[in-house]
Structures are given as C-alpha cells and as structure tokens.
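Remarks on the structure that follows.
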Number of protein chains: 2
Amino acid sequence: MGRPAHISNAQLIAAAARVAARTGPARATVAKIAREAKVPTGSVYHRVPSRAALMAEVWLEAAERFTTPFLEQLAAAESLEAAIEAALVTPRLSREDPAAGVVLFVHRRDEFLAGAPEESRARAARLTSALQQCLGQAARRLLPKDARGRERLTIALVGVPYGAVRVFLPQAVPPPELDPVIVAAARAALGA
Amino acid sequence: MGRPAHISNAQLIAAAARVAARTGPARATVAKIAREAKVPTGSVYHRVPSRAALMAEVWLEAAERFTTPFLEQLAAAESLEAAIEAALVTPRLSREDPAAGVVLFVHRRDEFLAGAPEESRARAARLTSALQQCLGQAARRLLPKDARGRERLTIALVGVPYGAVRVFLPQAVPPPELDPVIVAAARAALGA
DNA sequence: ATATAATTAGAATATATGTTCTATAACATG
DNA sequence: CATGTTATAGAACATATATTCTAATTATAT
C-alpha cells in the first residue's frame with residue numbers, strides 16, 4: 001500500500017484547529033500547521049487540496065460538535081425550560097473541547113470559510129440552515145404568541161451563552177458556576 | 001504649507017474602519033483602504049507608519065467610543081439598576097456607529113493589535129485596564145457579598161449585550177426591541 | 001516669480017507565504 | 001527480491017501585498 005503516513009487526516013485537522021485557535025485562521029500558515037502536526041509542509045497537500053479547504057474543515061468539524069447536541073436538545077424540547085437547556089451546550093463544548101470552543105466562539109465562521117471550496121461552503125450552509133430551521137420550529141411550538149419568536153429564542157439560546165463564554169475564552173475555560181447564570185439570563189431573555 | 005491633502009487623518013482612519021468592518025482586519029489590505037479613502041496607496045504612508053499602526057488606530061478609536069459612555073454610566077451608578085443601564089451602551093453604539101460596532105463586537109481586539117507599535121498597545125492596555133478597574137470598583141460597591149462580583153458584573157454588562165448584538169451584527173443593526181431583552185437578561189445574570 | 005514644503009501618484013521592491021516539484025524512503029505484493 | 005505505490009522531506013516557484021522610491025503637483029511664503 002505504500003509508505004505509511006506519520007499522521008492521520010483527523011490529526012492534521014486537529015493540529016490545524018489548535019493553530020487556528022491560537023492565532024486565528026488568517027494567521028494560521030501552512031508552515032505553522034505543518035510544524036504543529038510534525039509533518040513537512042508539502043505533506044499537507046497530500047491530505048487537503050488547499051489551506052482554505054483545511055480551514056473550512058476545521059470549522060465544520062467544530063460546528064458539527066456544537067450543532068449535534070444543540071439540535072438534539074432543542075428539537076426534543078416540549079417546554080421552554082427544556083429548550084433553555086440547549087443554552088448550556090455552548091459552555092459545555094468550551095470545556096470539553098477548548099480548541100473547538102475557541103474556533104467556534106472566539107473566531108468567526110467567515111474567517112474559516114474565506115476562499116473555501118464550494119463543497120465546504122455548501123456543508124456550512126446546511127449546518128447553519130438546519131440550526132435556523134430548528135430554532136424556527138421550536139419558536140412556533142414554544143412561543144406561539146411571539147411574532148419574533150425565533151429571533152428571541154436565538155438571542156436567549158445562542159447569543160446569551162455565546163457572550164457569556166466570551167468573557168472567559170480564549171484565556172480561560174468557562175467555570176461551572178457560569179451555567180446557572182446562563183440559564184437565568186436565557187430565561188429572562190425569553191420573558192419567562 | 002505645501003500641497004493640501006485630499007483627506008484628513010481622521011477620514012483615513014474612518015475609511016480603514018469601514019474596510020476592516022467589512023472584511024476583517026486581516027484582509028483589510030492597504031490597497032483596499034486606499035481605494036476606499038480615494039488616495040493612492042503611497043499616501044497612506046504619509047499619515048501612518050504602517051498598516052498595523054493604522055489598524056490599531058481603528059480599534060482604539062472604536063474602543064474609546066465605547067469605553068467613554070460605558071465608564072461614565074458605570075462609575076456613577078449607585079444602584080444595580082443604574083449599573084444595568086451600562087449594558088445598553090453596546091447596542092446603542094452598534095446603531096449610532098455601525099462600523100465601530102462591527103469593529104468592536106464582530107472582530108477581535110487582537111486581530112487589530114497584531115504587530116501594532118508598542119505605543120498603540122500601551123493605549124489599548126490602558127483602555128482595557130480602566131474598564132476592568134471600573135468593573136471591579138462597581139462590583140465592590142454594588143455586589144459587596146459576591147466574591148466573584150467583578151466576573152458576574154462583566155458577564156451581565158459586557159458578555160450578555162455582546163452576545164445579544166452578535167445575533168444581528170454584521171448583517172443587520174440591533175433593533176430597538178433588543179434593549180429591554182438585554183436589560184432583563186443582564187438583571188437575571190446579576191441574580192437581582 | 002521663485003523657492004520650499006507637503007502631498008499626490010503610482011511604479012518598483014521586498015517579503016511572506018501558499019503551492020508545486022524533485023528526490024528519497026518505507027511499505028505491500030507478486 | 002523486484003516493482004509499484006504512497007508518503008516524507010524540503011527546496012523551488014508563484015503570488016499577494018506591505019513598504020519604499022522617484023517624479024510630478026499644488027499650495028504658501030518671501
């Protein structure tokens with residue numbers, strides 16, 4: 001089968017994620033990523049077609065780690081209180097996988113997707129629209145009287161926890177005491 | 001006095017702010033900034049020593065527009081309710097000066113300060129520490145029982161409004177209806 | 001008018017960095 | 001053990017863009 005690779009594709013993405021988390025995607029050069037992954041720069045191009053595609057992959061992987069539990073919690077929620085639990089996905093991910101947390105909550109989606117191949121963009125668009133759709137359905141179910149229900153739910157379940165963890169990231173990990181504060185603030189934002 | 005300049009120094013900074021708001025500071029090239037300001041690229045270097053120094057200036061100007069009213073409101077606050085008003089500086093700035101809002105609340109301080117001259121960094125450090133000091137004093141005054149008062153106040157008055165406006169910026173301007181939501185969420189975050 | 005200063009104007013240069021290329025090494029299979 | 005395949009290894013190349021440079025322009029002051 002030929003010479004074995006020093007690292008796996010997933011390890012390359014993980015190394016790129018660490019570099020991007022530290023420096024931001026714009027300053028994550030191929031040289032730095034290769035050094036972090038302990039492979040020569042040329043080897044990077046045996047795995048991915050371009051730096052832009054790799055950065056997109058980094059974002060997509062982090063975004064999926066967030067979206068999966070968030071959508072699961074929110075889609076199943078039959079009460080506002082249950083929906084509010086989804087707000088805790090943000091601090092939990094930041095603790096469990098700080099690099100993914102920093103990628104998602106410190107840097108911006110567009111920085112990672114700039115110049116990315118069409119396929120990566122399409123995947124990113126699907127993730128984003130799945131999130132919005134789920135928020136819309138939950139709003140119709142749980143805030144039927146509120147004309148701007150989806151907007152309000154987005155503020156409470158996305159905006160509030162995002163802002164809360166940003167007080168800590170990237171220097172520190174959000175402490176456990178943050179979670180009840182997020183819940184209280186999200187509940188208040190929903191007017192509940 | 002020599003040939004008159006096409007634009008003032010302030011106009012160059014404003015043009016740089018618009019470009020940086022659109023593309024992010026990393027992709028704000030000197031060529032783009034010069035085009036936006038309608039001056040040749042070389043002229044930029046008659047005003048500022050480097051692109052990095054210009055980006056730092058953009059951030060510092062935006063940061064001062066935020067810090068001044070925020071500190072004023074918070075320093076004068078003799079009650080938690082008065083302090084909570086400071087949380088509204090964030091959405092107000094985003095409406096009154098969207099470019100400054102995007103610079104401060106969409107992009108990151110470090111992106112603007114990367115490679116900046118020492119003097120700019122020192123100014124930025126002073127702004128940041130003035131903010132932290134004021135938050136600390138307010139916490140001791142208004143939340144004397146809370147051992148982590150400053151942290152909590154930061155979450156409520158900085159993190160919550162930041163996350164809330166981020167739901168809208170940079171695509172849209174935060175609507176006026178957002179303000180009572182921010183106040184409610186900030187109040188809840190303070191446990192009041 | 002003429003000299004001087006400050007700027008415009010944009011070409012030239014330097015540098016950083018993404019990408020490709022050539023050679024070599026390590027593994028599997030017949 | 002020869003051959004084919006895949007990866008390493010890092011140098012070479014291409015490109016984008018920050019910065020500098022030379023010349024031309026337009027104001028003020030004497």
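Proteins get letters first, then strands, A, B, ... in listed order; numbering begins at 1 in each.
The interatomic distance linking A/Asn9 (CG) with D/dA7 (C1') rounds to 13 Å, in whole Å. Put simply, CG on B/Leu12 is 19 Å from P on C/dA6, counting in whole angstrom units. Atom-to-atom, CD1 of A/Ile7 to C1' of D/dT6 comes out at 15 Å; the value is rounded to the nearest Å. Between the CG atom of B/Leu54 and the P atom of D/dT17 there is a distance of 16 Å, rounded to whole Å.
Within the 4.0 Å cut-off from OP1 or OP2 of D/dT26, not a single side-chain nitrogen or oxygen of B/His6 is found. The side chain of B/Arg35 contributes no N or O atom lying less than 4.0 Å from OP1 or OP2 of D/dT17. Distances shorter than 4.0 Å separate some side-chain N or O of A/Ser43 from OP1 or OP2 on D/dT8.
Within 6.0 Å of CD on A/Gln137 lie more than 12 heavy atoms contributed by other residues, nucleotides or ligands.
Within residues 107-121 of chain B, no residue places a heavy atom under 4.0 Å from DNA chain D.
For the pair A/Arg166 (side chain) and A/Leu169 (backbone), a donor-acceptor distance under 3.5 Å is present.
For the pair B/Leu142 and B/Ala83, the tightest heavy-atom approach, listed with the atom from each and the gap, is CD1-CB, 3.7 Å. Here the shortest heavy-atom pairing between B/Met55 and B/Ala16 reads CE-CB, 4.2 Å.
The salt bridge (charged side-chain N to carboxylate O under 4.0 Å, His left out) analysis of residues 18-35 of chain B, with sequence neighbours excluded, yields the pairs B/Arg18-B/Glu36, B/Arg22-B/Glu36.
Interatomic distance, B/Trp59 CH2 to B/Leu54 CG, rounded to the nearest 0.5 Å: 15.0 Å.
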Pair A/Arg141-A/Glu78, salt bridge (charged side-chain N to carboxylate O under 4.0 Å, His left out): steps then yes or no: CA-CA 8 Å; A/Arg141 206 165 63 239; A/Glu78 300 198 355; over 6 Å; no
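Ionic pairing of A/Arg123 and A/Glu57 is present here: one or more N-O contacts between side-chain nitrogen and carboxylate oxygen are shorter than 4.0 angstrom.
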Readout for nucleotides 17-27 of chain C: B = base within 4.0 Å of protein heavy atom, S = sugar-phosphate only, - = neither; 5' to 3' it is SSBB----BBB
